[in-house]
Amino acid sequence: MPDTLTPDIRRRARFLADELTRHNYRYYVLDDPEIADSEYDRLMKELGDLEQRWPELVTPDSPTHRVGAPPLSKFVSVPHSLPMLSLDNAFNDDDIFEFERRIRRILKTTAPIPYMVEPKMDGVAVELIYRDGLLAQAATRGDGFVGEDITANVRTIRALPLRLSVPADGAVPATLEVRGEIFIHREAFRQFNRERIAAELPPFANPRNAAAGSLRQLDSQVTAQRPLNIFCYGIGVMQGDVPASQSELLARLKMFGLPVNPLVQSCRMIEEVLAVYRELEARRETLPYDIDGMVIKVDARALQDQLGTTARSPRWAIAYKFKAIQATTWLEAIEVQVGRTGALTPVAHLTPVSVGGVVVSRATLHNQDEIDRKDVRIGDTVLVQRAGDVIPEVVMPVVSKRRGDERRFRMPDVCPSCGASVVRTEGEIALRCFNADCPAQLKERIRHFASKNAFDIDGLGEKLVDQLVSRGLVASFPDLFGLEAADLAGLDRMAERSAANLIAALQASKTISFDRFIFALGIRHVGEHVARVLAKHFPGVAALQAADRDALEAIEGIGPIVAASVASFFGREENTEMIRRLLDSGVQITMDQAEPDTHLSGLTFVLTGTLARMSRAQAQGLIEAAGGKVTGSVSRKTDYVVAGTSPGSKIDKARQLNVAVIDEARLWEMLGA
Ligand code: IVH
């Protein structure tokens, strides 16, 4: 390196800083990096080396200096130049119509009113002040008038530019106060909580609490380790030309390089707003982050100004809330259930409570470790949550509601069904009952065998299975097909007619496709997907039974754990015997339905952005399993571009070429999931 700081070196440093800012945006905001991580690291190191040699090169927006401010002893208060208001809430369509009626009254108009609608991020509100394009200050909302200075912490958020980009058509405002919501992606939150648990730290209840806790750190080095993210949605003071509408404002913020939620939409009138609300609500669970509703804003700034604000909130905007997916209730008791594979699961019995529109009276507590970690006790008031069709779970106890008579719970040493000693196998958290004749396991296995996606035996419900097993009429799958009307006659609520129906249903179920047959056996780790993979690979049940671990592991899509489980299942004498008896009793395995799934054949997909339910690689696997093709770039041959969140430039390409862009929910529909 030369000794003197030449103009060339200055230029190089500026170039590196700009490049790094640009790549940062592509990586953290667009999720569409242009260069490899190693190349990014190389640029960062080059800039760092230059700055170390000539400290005068360090600028306030240097990408090397996101972290590094000394820890604070307390946060300093900062007044907001314009108050940070909150929003009125709407809980149903009538509230929304009332919102519009008020607007019409004030504006004295009957014409349709255009709105901008935005997901309501469930995070922490902040104000960012950019002076001459540089991030100068960040503050919490506080009481709306005075917040706390959290600049050092906010600088660590990689998705946020330390310097605004200059749009092609002009300059950046001398002062720009941007408002937005800081949040954490669900998956990053789960990972973060796992790490906290491993470090014996208390986990956070939800991503919002984790985001708030991270911003409250006095040492920004700590905050820098937290996976914070941000979407910007509004402004305070903006010097110069203020865009004439919310939609133009968001476009402008994007041009400055600020992250804006890609799911924002313009609506021409209130009916459209309601339609978008329903779509968003349906997609809610598949988004990679939590939202608690939709914010509806009158688009035109001139109308916003006419409408004005109340002391609390603007009259031109409202939050249409979704139903909460968390609720508190009372934990009355804990019951231990024995699953099909012998795993013991503690289940909480709750005072019924409505969570997101569904009444919940039971929730899983997973295992003893989870109970201990959360310190959940019988008699506690607890926070429960449900997400989509996932089993509801107990999040945590509300410790402040304890009265002292709550009881700790311990998992039993013996199986609650058969009394056999339970075992905790190495590397596993769950306790298991290994008694092959355990009635609870048998009941669960029979239920699974008869279930919709297995043998689909009509009329063989839970109560009936209980009776058949308890009375010793059924001790294994083949016994089902040996049942006669006379056996059923003595059972509770079993009329002659229903007995005949059940016998007919059993008979009808005997013809079954290979994949369903495999699934029905209830082999550990073999769900419907694996069953299909196996059925596709083997010409028949004999070949599957003969396959050893290595042969199974060699199959695309079968890992070592599944291979071991399948080989061990078919290696057991009693299972060979059971399958022989099934076939003897007339079970016919048809190979045609297990034919490769081709319903997407001839279709080419391109995936972009982050998918909520699984990785892109997994989605590719599913598309290919259904006969479709996945390619890396959009061309005229592409049929669908699947846009996850923060999709990349592939979307623009798709629009140019007139290729259909679909969202993740639509992909799952197409996959039949
Ligand atoms: S606009 C004056 N837009 O919801 C209106 N708020 O109670 C200011 N929020 O504190 C809010 N997403 O933290 C707006 N797209 C969005 C939002 C949003 C989340 C939060 C914000 C605010 C609260 C309103």
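Remember, it's 1-based here, ligands and their atoms both numbered in the order they're listed. Quick caveat: nothing in here was measured; it's all calculated off a predicted structure. Along the sequence shown, residues are numbered consecutively beginning with 1.
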Where is the nearest protein heavy atom to [atom]: which residue, which atom, and how far?
atom	value
atom 15 (N) of ligand 1	E118 OE1, 2.8 Å
atom 7 (O) of ligand 1	L87 N, 3.2 Å
atom 2 (C) of ligand 1	P314 CG, 3.5 Å
atom 23 (C) of ligand 1	K120 NZ, 3.9 Å
atom 21 (C) of ligand 1	Y233 OH, 3.0 Å
atom 12 (N) of ligand 1	M121 N, 3.1 Å
atom 20 (C) of ligand 1	E181 OE1, 3.4 Å
atom 8 (C) of ligand 1	L85 O, 4.1 Å

Using a 4.0 Å heavy-atom cut-off, which part of K297 comes near ligand 1: side chain, backbone, both, or neither? side chain
Apply ring pair (Phe, Tyr, Trp, His ring centres under 6.0 Å) to residues Y289 and F231 and explain how you reach the verdict. CA-CA 11 Å; Y289 43 74; F231 280 136; 5.8 Å; yes
Salt-bridge contact R194-E187 (side-chain N to carboxylate O under 4.0 Å):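 Judged by the 4.0 Å cut-off on N to carboxylate O distance, R194 and E187 do form a salt bridge.
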When you look at CG of D305, are more than 12 heavy atoms from neighbouring residues, nucleotides or ligands closer to it than 6.0 Å?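 For D305, atom CG is crowded (more than 12 foreign heavy atoms under 6.0 Å).
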List ligand 1 atoms under 4.0 Å from A125, heavy atoms only on the residue side. 10 (O), 13 (O)
Give the atoms of ligand 1, by number and element, whose distance to some non-hydrogen atom of P119 is under 4.0 Å.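 Numbered from 1, ligand 1 contributes 12 (N), 15 (N).
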Rounded to the nearest 0.5 Å, how far does CG of D652 lie from NZ of K650? 12.0 Å
Among side-chain atoms of [X] and [Y], is any donor-acceptor pair under 3.5 angstrom?
X	Y	result
Q246	E118	yes
D93	Y320	yes
S86	R312	yes

Between I662 and Y640, what is the shortest heavy-atom contact and its length?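 Smallest heavy-atom distance, with atoms named: CG2-CD2, 3.7 Å.
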Measure the distances from the heavy atoms of G234 to every atom of ligand 1 and state whether one is below 4.0 angstrom. no
